[in-house]
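Since the model is a prediction, treat every value here as computed from it, not as a measurement. Just so we're on the same page: letters track the sequence lines, and every chain starts at 1.
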Amino acid sequence: MAAAGQRAHRRARRRDRPPARLPGGAAAGAALRRFPGMSTPASFAPQGLDHYAGRIRAALAPALGVDASDLQLERPRHDGMGDFALPCFRYAEGRGGNPAALAARLAAELSIEQVAAAAAGPFLNFSVDRAALAATILADCGRPDFGGGASEETTLVEFSSPNIAKPMHVGHLRTTVIGAALARIHAHLGERVVRLNHLGDWGSQFGKLVAAWRRWGAEAALEADPIAHLLELYVRYHQEEGADPGLDAESKSAFQELESGQDNDTRRVWKRFTELSLQEFDKVYRRLGSEFDFIRGESWYEDKLAPLLAWLEQRGVLEESEGATIIDLEGEGISTPCLVKTAHGTTLYATRDLAAAKSRWEEFAFDRCLYVVGQEQILHFRQLFAALRRAGCGWADRCQHIPFGLVRMAEGKLSTREGRVLALKDLLDRAVELAAEVIQEKNPDMAGQAAAAEMVGLGAVIFHDLKHQRSKDVVFDWKEVLSFEGDTGPYLQYTHARCCAIVRKAGRPVPPLSEVDPGLLADSPELLVALGRFPQAVREAAEKNEPMVLAQHLLKIGAAANAFYRDRRVLGSEPPLEAVRLCAVDRLRRVLALGLGLLGVPTPEEM
RNA sequence: GCGCCCGUAGCUCAACUGGAUAGAGCACCGGACUUCUAAUCCGGUUGUUGCAGGUUCAAGUCCUGCCGGGCGUGCCA
């Protein structure tokens with residue numbers, strides 16, 4: 001059993017929000033709206049730099065005779081080259097000119113309010129007037145919905161999905177943290193988000209567990225530390241199964257009792273294991289700020305399996321092969337068929353996922369359904385979606401696997417069966433402990449040190465996970481994960497806390513925009529541009545389902561912020577300067593809190 | 001065997017899905033705290049983007065073939 005985001009089985013618990021009502025049945029429209037380049041989709045009011053991108057497009061489109069949405073506006077590679085760039089190569093092609101000449105001509109001809117155009121060889125660079133930009137940024141960044149949108153689509157996010165009776169370990173960190181971040185990011189864009197925890201609570205392994213419990217289980221140990229004891233039983237089972245054929249028979253019969261659906265002792269034991277596990281998981285979820293609208297294990301779909309199989313049969317996609325029931329996927333370009341029933345008649349992982357997908361579609365009519373599950377299951381999801389397509393589900397294209405790389409320990413492979421795991425709780429505790437030491441050293445007089453340490457420690461772990469591309473494997477390195485310097489969560493938390501301190505110590509309210517002169521911020525273009533690009537970062541993170549995009553952008557804002565208040569004294573400066581800088585610091589504080597909040601990184605006001 | 005993912009500075013990673021001189025952090029060296037938190041800032045050093053071809057005005061990015069690592073590959077989840 002691999003280290004990363006497993007998903008497994010049954011029995012669901014519903015909590016919190018009521019089952020959402022969907023506006024009018026089958027939602028129409030493309031599952032995934034594409035946001036080409038730096039365009040601003042209609043559902044988003046222009047924010048930050050978007051204002052100017054819109055103007056530039058509007059001016060360029062007629063000049064080039066192309067549709068505004070086809071314009072490829074880019075970020076210049078280096079600061080100082082402007083705020084937007086248009087490579088002119090492709091536009092020069094059709095009209096016989098050379099790109100540099102076209103750029104020069106456009107630079108001379110274009111007249112855009114508050115935007116200067118300059119040719120740089122074949123590139124046309126645009127610079128936004130600093131004072132105008134400052135005014136825009138100060139106005140937009142103060143809003144709590146900065147970078148937000150008005151999409152009315154419905155997005156399902158399935159994430160975390162640990163197996164019951166096993167500890168959550170570092171492998172679960174990624175799915176839990178990435179999934180929660182994606183859910184928040186999509187929600188910020190206005191989407192109606194449904195968070196699902198597809199617990200691994202079903203399957204033959206629970207027959208094994210119950211069998212092991214009957215042989216060696218100890219009530220006292222179970223109550224003291226349920227998951228530790230259950231893991232112990234699981235490990236022991238695998239140690240002894242080879243030498244003891246009776247075990248296998250016991251576990252098979254236990255699983256049959258479980259699957260029978262009848263209320264018997266096996267089922268009661270299993271149910272108790274589930275509840276004990278959930279209590280433990282909840283502690284971690286609370287710390288990580290992860291919430292679910294529905295905790296539905298695989299078992300929740302149990303009574304939907306028979307109808308599903310009947311439906312598949314009716315659709316004519318089932319075949320028998322070597323005694324098993326399969327859906328052939330050759331026509332979908334997948335040589336491995338999807339198995340929905342074993343030769344012994346039991347259902348499989350894929351069967352439950354098919355039932356789950358169909359049930360979710362019928363309940364939520366989603367515009368997209370994201371499965372945040374490790375990339376070792378890529379084939380499984382390809383099969384799942386292909387099988388749905390074969391069964392005639394057009395909505396299968398709205399389902400998307402969001403894979404991520406494996407977490408591996410530097411010392412070697414993680415293995416649940418061998419009992420070698422790094423429990424997530426231990427990782428978090430260690431991070432918090434270290435954060436407490438640093439706070440004690442750097443800010444010994446602060447009140448509420450324990451609370452701050454919890455936030456900083458968790459912030460370090462969460463941000464570390466989110467700042468990398470999902471697809472890359474991660475070699476877990478204590479030193480790196482627990483680093484609080486440089487491009488880290490605590491760096492951003494620190495920046496936020498500094499901004500909070502300045503606002504707090506100002507001894508007066510942040511002046512309203514009408515009372516400041518934004519032009520006085522013209523000396524800090526990096527800061528303005530970094531803040532101004534925040535909406536684009538949120539959008540791109542959602543579009544790619546890649547929180548890293550937002551994390552990386554927050555680092556840019558953080559760097560600009562630190563340089564800003566390092567060189568520009570706020571409090572005690574000339575009154576007009578103090579006013580506008582205070583205003584800027586306030587916006588920084590808000591945007592950092594907003595962005596970090598989307599990622600799930602806590603934002604202490606002092607640390 | 002076949003399929004998918006990854007390969008960028010000593011280390012950890014970016015690079016806006018084909019654009020400008022490939023950028024950050026860590027580490028190392030040197031500077032900056034009687035003033036809003038030095039968990040910071042400023043400056044310096046670091047590249048055959050795994051290898052070889054190909055497409056293109058333009059390739060880290062696309063196509064082919066290799067090398068290396070990881071993960072999958074019908075009755076587990």
Side-chain angles (χ1 to χ4, degrees), chain A residues 1-2 4 6-9 36-38 72-78 81 85 87-90 92-93 98-99 120-123 125 163 200 202-205 298 321-326 334-344 346 348-350 352-353 374-380 382 403 405-406 408 435 438-439 441-443 446 456 464 467-469 471-475 477 479-480 483-488 490-495 497-499 501-506 533 536-537 540 544 548-549 552 555-556 559 562-563 565-567 569-572 581-582 585 606-607:
Chain A
M1 204 140 307
Q6 304 91 336
R7 309 154 71 241
H9 342 326
M38 298 177 80
Q72 183 188 354
L73 268 192
E74 303 185 350
R75 285 195 286 278
R77 195 178 271 287
H78 299 290
M81 289 180 176
C88 292
F89 307 95
R90 60 172 57 177
E93 250 172 50
N98 78 65
F123 290 85
N125 292 331
N163 292 317
W202 202 244
S204 54
Q205 58 180 312
E298 290 189 285
S321 168
E322 299 169 34
T325 307
I326 67 164
I334 302 172
S335 54
T336 317
C338 181
L339 267 83
V340 296
K341 216 158 89 178
T342 67
H344 328 297
T346 55
L348 292 143
Y349 187 53
R352 279 164 248 142
D353 256 330
Q375 63 183 11
E376 67 275 7
Q377 295 195 33
I378 281 180
L379 176 60
H380 166 70
R382 279 187 63 213
L406 234 46
R408 279 168 321 168
V438 176
I439 288 173
E441 174 197 327
K442 309 223 179 215
N443 205 349
M446 187 181 72
V456 172
H464 176 264
K467 78 172 179 181
H468 304 110
Q469 235 166 236
S471 60
K472 296 200 174 174
D473 285 355
V474 175
V475 175
D477 180 351
K479 205 176 119 201
E480 199 192 308
S483 164
F484 296 169
E485 288 174 13
D487 286 352
T488 64
Y491 168 76
L492 290 174
Q493 292 174 314
Y494 170 77
T495 308
R498 292 280 310 265
C499 292
I502 294 174
V503 171
R504 191 168 58 237
K505 290 178 181 175
R533 291 201 210 278
Q536 193 202 343
E540 193 181 325
K544 295 179 172 173
M548 173 217 60
V549 174
Q552 295 286 342
L555 288 171
K556 282 197 185 118
N562 277 295
Y565 58 61
R566 171 75 190 182
D567 299 334
R569 177 83 197 168
V570 177
L571 305 180
R581 287 178 182 169
L582 186 56
V585 167
E606 230 183 320
M607 62 187 267

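In this structure, A:Asn562 atom CG and B:G25 atom P are separated by 12 Å, rounded to whole Å. When rounded to the nearest whole Å, the span between CD of A:Gln375 and P of B:C4 equals 13 Å. The distance from atom CG of A:Asp487 to atom C1' of B:A39 is 13 Å, rounded to the nearest whole Å. When rounded to the nearest whole Å, the span between CG of A:Asn125 and P of B:U21 equals 13 Å. With rounding to whole Å, A:Arg382 atom CZ is found 11 Å from B:G3 atom P. The nearest whole Å value for the distance from the NZ atom in A:Lys556 to the P atom in B:G23 is 13 Å.
Counting heavy atoms from C-beta on, the side chains of A:Lys442 and A:Tyr494 never come closer than 4.5 Å. Using a 4.5 Å heavy-atom cutoff, the side chains of A:Gln493 and A:Thr488 are not in contact. At least one side-chain heavy atom of A:His380 sits less than 4.5 Å from a side-chain heavy atom of A:Asp353.
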Protein N or O to nucleotides 55-57 of chain B N or O, pairs below 3.5 Å:
none

Grab the N/O contacts between the protein and nucleotides 34-38 of chain B below 3.5 Å, and write none if there aren't any.
from  : atom 1 : to       : atom 2 : distance (Å)
B:U35 : O2'    : A:Arg569 : NH1    : 3.1
B:U35 : O2'    : A:Arg569 : NH2    : 3.1
B:C36 : O4'    : A:Arg569 : NH1    : 3.4
B:C36 : O4'    : A:Arg569 : NH2    : 3.3
B:C36 : O3'    : A:Lys505 : NZ     : 3.1
B:C36 : O2     : A:Leu571 : N      : 3.1
B:C36 : N3     : A:Val570 : N      : 3.0
B:C36 : N4     : A:Tyr565 : O      : 2.4
B:C36 : N4     : A:Arg568 : O      : 3.1
B:U37 : OP2    : A:Lys505 : NZ     : 2.4
B:U37 : O2'    : A:Tyr494 : OH     : 2.2
B:U37 : O2'    : A:Arg498 : NH1    : 3.3
B:U37 : N3     : A:Met607 : O      : 2.7
B:U37 : O4     : A:Met607 : N      : 2.6
B:U37 : O4     : A:Met607 : O      : 3.1
B:A38 : OP2    : A:Arg498 : NH1    : 2.6
B:A38 : OP2    : A:Arg498 : NH2    : 3.2

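Within the shown strands, nothing qualifies as a pairing partner of B:A15 under the Watson-Crick or G-U definition with both distances less than 3.5 Å.
Comparing the C1' positions of B:A38 and B:U17 gives a spacing of 40 Å, expressed to the nearest Å. A gap of 11 Å separates the P atoms of B:C2 and B:G65, to the nearest Å. Separating the P atom of B:A20 from that of B:C26 is a span of 26 Å, rounded to the nearest Å. Here, B:U12 and B:U56 have their C1' atoms 34 Å apart, quoted to the whole Å. Distance noted for atom P between B:A24 and B:C16: 16 Å (whole Å). Spacing between B:G68 and B:A52 at atom C1', rounded to whole Å, works out to 15 Å. The separation of B:C4 from B:U45, taken at their C1' atoms, amounts to 39 Å, rounded to a whole angstrom. Comparing the same atom, C1', in B:C5 and in B:A9 gives a spacing of 24 Å after rounding to whole Å.
At B:A77, one or more side-chain N or O atoms of A:Arg352 fall inside 4.0 Å of OP1 or OP2 (strictly under the cut-off). Contact annotation: A:Gln552 does not reach the phosphate of B:A15 (side-chain N/O to OP1 or OP2, under 4.0 Å).
Listed nucleotides B:A77, B:C75, B:G19 differ in distance to A:Glu74; the shortest reach to its side chain belongs to B:G19. Of the candidates B:G74, B:U40, B:C71, the closest approach to any side-chain atom of A:Ser321 belongs to B:G74. Closest approach to the A:Leu379 side chain among B:G70, B:A15, B:G72 is made by B:G72 (side chain taken as heavy atoms from C-beta onward). Side chain of A:Glu485, nearest nucleotide from B:A77, B:U40, B:G19: B:U40. Of all nucleotides listed (B:C13, B:G19, B:U21), B:G19 comes nearest to the side chain of A:Phe123.
A donor-acceptor pair under 3.5 Å is formed between the side chain of A:Thr495 and the backbone N or O of A:Tyr491.
Classification of B:C33 as syn follows from a glycosidic angle within 90° of 0.
Nearest-nucleotide positions on RNA chain B for A:Lys479 and A:Gln72 put A:Gln72 closer to the 5' end.
Using a 4.0 Å heavy-atom distance criterion, A:Ala85 is classed as a base contact.
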